[in-house]
Novice: 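Below you will find the structure I want to go over with you.
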There are 2 protein chains.
Amino acid sequence: MVRVGLTTERLVRAGAELADEVGFDQVTVTALARRFDVKVASLYAHLKNSQDLRTRIALLALEELADEVADAIAGRAGRDALAAFAAAYRDYARRHPGRYAAARLRLDPETAAASAGVRHAQMTRAILRGYDIAEPDQTHAVRMLGSVFHGFVSLEAAGGFSHTPVDPQQSWDWIVDSMDAVLRGRTPQ
Amino acid sequence: MVRVGLTTERLVRAGAELADEVGFDQVTVTALARRFDVKVASLYAHLKNSQDLRTRIALLALEELADEVADAIAGRAGRDALAAFAAAYRDYARRHPGRYAAARLRLDPETAAASAGVRHAQMTRAILRGYDIAEPDQTHAVRMLGSVFHGFVSLEAAGGFSHTPVDPQQSWDWIVDSMDAVLRGRTPQ
DNA sequence: GTATTTGCCTCATAGTGTTAGGCAAATTAG
DNA sequence: CTAATTTGCCTAACACTATGAGGCAAATAC
């Protein structure tokens with residue numbers, strides 16, 4: 001009996017790849033076991049259960065995404081930062097659709113609080129520094145940005161834009177411009 | 001052996017209720033059979049399979065939602081219509097979270113083309129008539145509205161706004177105002 | 001080299017999805 | 001109103017996924 005060398009780490013990473021290939025909700029303990037050519041029950045030494053696997057993939061995705069976004073907005077401000085921020089999300093979602101879906105998994109409060117989700121919130125607020133918007137408008141703006149970008153990306157992934165022959169990239173740019181305009185308009189003169 | 005009187009119609013309706021109660025992805029042929037106190041295999045006389053059930057629930061949700069939106073925007077124009085349109089979506093999503101999730105199910109092209117999804121697209125464009133936006137900007141605007149509203153509703157449903165003590169309704173109103181402002185700004189003078 | 005840990009296995013159980021074929025209830029025909 | 005037919009729900013059976021218990025051999029510690 002040769003040991004494959006399973007670890008939680010490797011399983012989660014492979015789970016993330018699987019998610020990108022077949023979709024996050026097709027990620028199954030069984031499929032993962034197949035990928036390592038190992039019996040299903042063997043995975044339970046490294047994972048509590050199926051939900052645990054999914055949660056770990058979600059946390060991985062949140063980390064990766066936060067890293068990429070942080071990288072994208074570093075050294076930028078204002079509209080430039082906004083565009084980079086938006087692009088980072090969309091790019092990640094397109095490169096890693098399964099992981100992106102995983103990142104939207106509902107986490108229980110403690111897990112969420114310890115996750116990279118916190119960094120996401122901070123970074124979104126950082127973007128707004130360039131626009132000088134005070135509370136509570138700042139929270140509204142954070143929610144608006146989160147909504148449009150997430151909404152667009154998720155509609156795009158669901159094929160919602162394939163009925164109209166207009167390049168989604170054009171729409172994306174137009175929307176980023178619009179967001180910039182709104183935020184500038186919300187800045188007190 | 002007493003017959004319960006199953007029909008595809010009743011099953012789909014019950015499936016929609018089930019979705020609202022336990023979440024769309026917890027909708028299972030087995031759970032549905034339990035609800036009618038009937039053996040699982042009996043449902044297969046009325047449903048092709050599990051996917052068929054889900055698709056039918058999605059179509060039902062799209063119809064209902066389109067009806068409610070149509071009702072809401074009837075006789076309104078401009079910002080008024082926009083606000084009513086937005087509210088109709090959010091209200092439906094909050095009253096029927098499972099159905100709302102179902103409405104986002106990816107349908108195959110022919111099914112989608114024959115669904116109430118078409119009416120949704122038309123109504124969104126109808127909203128924009130009040131703003132006099134020409135193509136391709138109109139498509140961009142349709143996508144933007146779809147993205148923000150869907151994004152907001154889905155983040156709200158996922159509990160994404162519960163970390164901050166700002167009333168989501170305030171954010172929603174603020175966002176609707178922002179959309180109105182953007183669209184007015186995009187109107188050629 | 002023996003002792004211990006530990007990784008993967010086999011075995012077992014339960015839930016869900018789906019097909020095939022049977023019998024009785026409902027419906028239609030005469 | 002009975003007989004013929006349709007049809008609704010059932011049982012049986014199989015495949016796949018999830019999960020737990022306990023075993024044996026490989027890796028590691030002493």
Novice: Measure CG/L11(B) against C1'/dC9(D) and give the value in whole Å, please.
Specialist: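 In whole Å, dC9(D) C1' and L11(B) CG are 12 Å from each other.
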
Novice: Which nucleotide wins on minimum distance to the side chain of L6(B), given the candidates dG17(C), dC9(D), dA12(D)?
Specialist: dC9(D)

Novice: Looking at the side chain of V40(A), which of dA25(D), dT19(D), dT7(D) is the nearest nucleotide?
Specialist: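 The listed nucleotide nearest to V40(A)'s side chain is dT19(D).
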
Novice: Strictly below 4.0 Å: does H46(A) bring a side-chain N or O up to OP1 or OP2 of dC8(C)?
Specialist: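 It does, given that an N or O in the side chain of H46(A) lies less than 4.0 Å from OP1 or OP2 of dC8(C).
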
Novice: When you compare the protein's N or O atoms with those of nucleotides 13-17 of chain D, which come within less than 3.5 Å of each other, and at what distance?
Specialist:
unit_1  : atom_1 : unit_2 : atom_2 : d
dT17(D) : O3'    : T28(A) : OG1    : 2.8

Novice: I want to verify a distance call: between dA20(C), dC9(D), dT6(C), whose nearest atom is closest to the V38(B) side chain?
Specialist: dC9(D)

Novice: Sort and list the pairs that fulfil ring pair (Phe, Tyr, Trp, His ring centres under 6.0 Å) and have at least one residue in residues 17-54 of chain A, not counting sequence neighbours.
Specialist: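 Every pair satisfying ring pair (Phe, Tyr, Trp, His ring centres under 6.0 Å) with a residue in residues 17-54 of chain A: there are none.
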
Novice: Between dT19(D) atom P and K39(A) atom NZ, what is the distance in whole Å?
Specialist: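 It is 18 Å, rounded to the nearest whole Å.
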
Novice: Quick one about Y131(A) and D180(A) (side-chain donor to acceptor, distance below 3.5 Å, no hydrogens or angles considered), yes or no?
Specialist: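 Note: D180(A) and Y131(A) side chains meet the donor-acceptor criterion.
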
Novice: When the distance from CG of L32(A) to C1' of dT19(D) is rounded to whole Å, what number comes out?
Specialist: 15 Å

Novice: Can you measure L47(B) atom CG to dG8(D) atom C1' for me and round it to whole angstrom units?
Specialist: 14 Å

Novice: Under the rule for side-chain contact (heavy atoms from CB on, under 4.5 Å), what residues qualify as partners of V176(A), not counting sequence neighbours?
Specialist: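 side-chain contact (heavy atoms from CB on, under 4.5 Å) check on V176(A) returns L82(A), A83(A), A86(A), F149(A), W172(A).
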
Novice: Please tell me if S42(B) has a side-chain N or O lying less than 4.0 Å from either OP1 or OP2 of dC10(D).
Specialist: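 Answer is yes, contact under 4.0 Å.
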
Novice: What integer distance in Å separates Y44(A):OH from dT13(C):P?
Specialist: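 From Y44(A) OH to dT13(C) P: 17 Å.
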
Novice: Mind checking what makes salt bridge (charged side-chain N to carboxylate O under 4.0 Å, His left out) contact with R129(A), not counting sequence neighbours?
Specialist: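 Partners of R129(A) under the salt bridge (charged side-chain N to carboxylate O under 4.0 Å, His left out) test: none.
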
Novice: Taking side-chain contact (heavy atoms from CB on, under 4.5 Å) as the test, write out the residues that go with A112(B), two or more places apart.
Specialist: L107(B)

Novice: To the nearest angstrom, how far is L53(A) atom CG from dA18(D) atom C1'?
Specialist: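 So the two atoms are 12 Å apart, to the nearest Å.
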
Novice: With R143(A), which residues qualify under salt bridge (charged side-chain N to carboxylate O under 4.0 Å, His left out), at least two apart?
Specialist: none

Novice: Could you check how far CG of N49(B) sits from P of dA20(C), rounded to whole Å?
Specialist: 13 Å

Novice: From NZ of K48(B) over to P of dA20(C), roughly how many Å is that when rounded to an integer?
Specialist: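 So the two atoms are 13 Å apart, to the nearest Å.
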
Novice: Within the 4.5 Å heavy-atom criterion, are R119(B) and D67(B) side-chain neighbours or not?
Specialist: yes

Novice: What nucleotide among dT11(D), dA24(C), dA21(D) has an atom nearest to a side-chain atom of R3(B)?
Specialist: dA24(C)

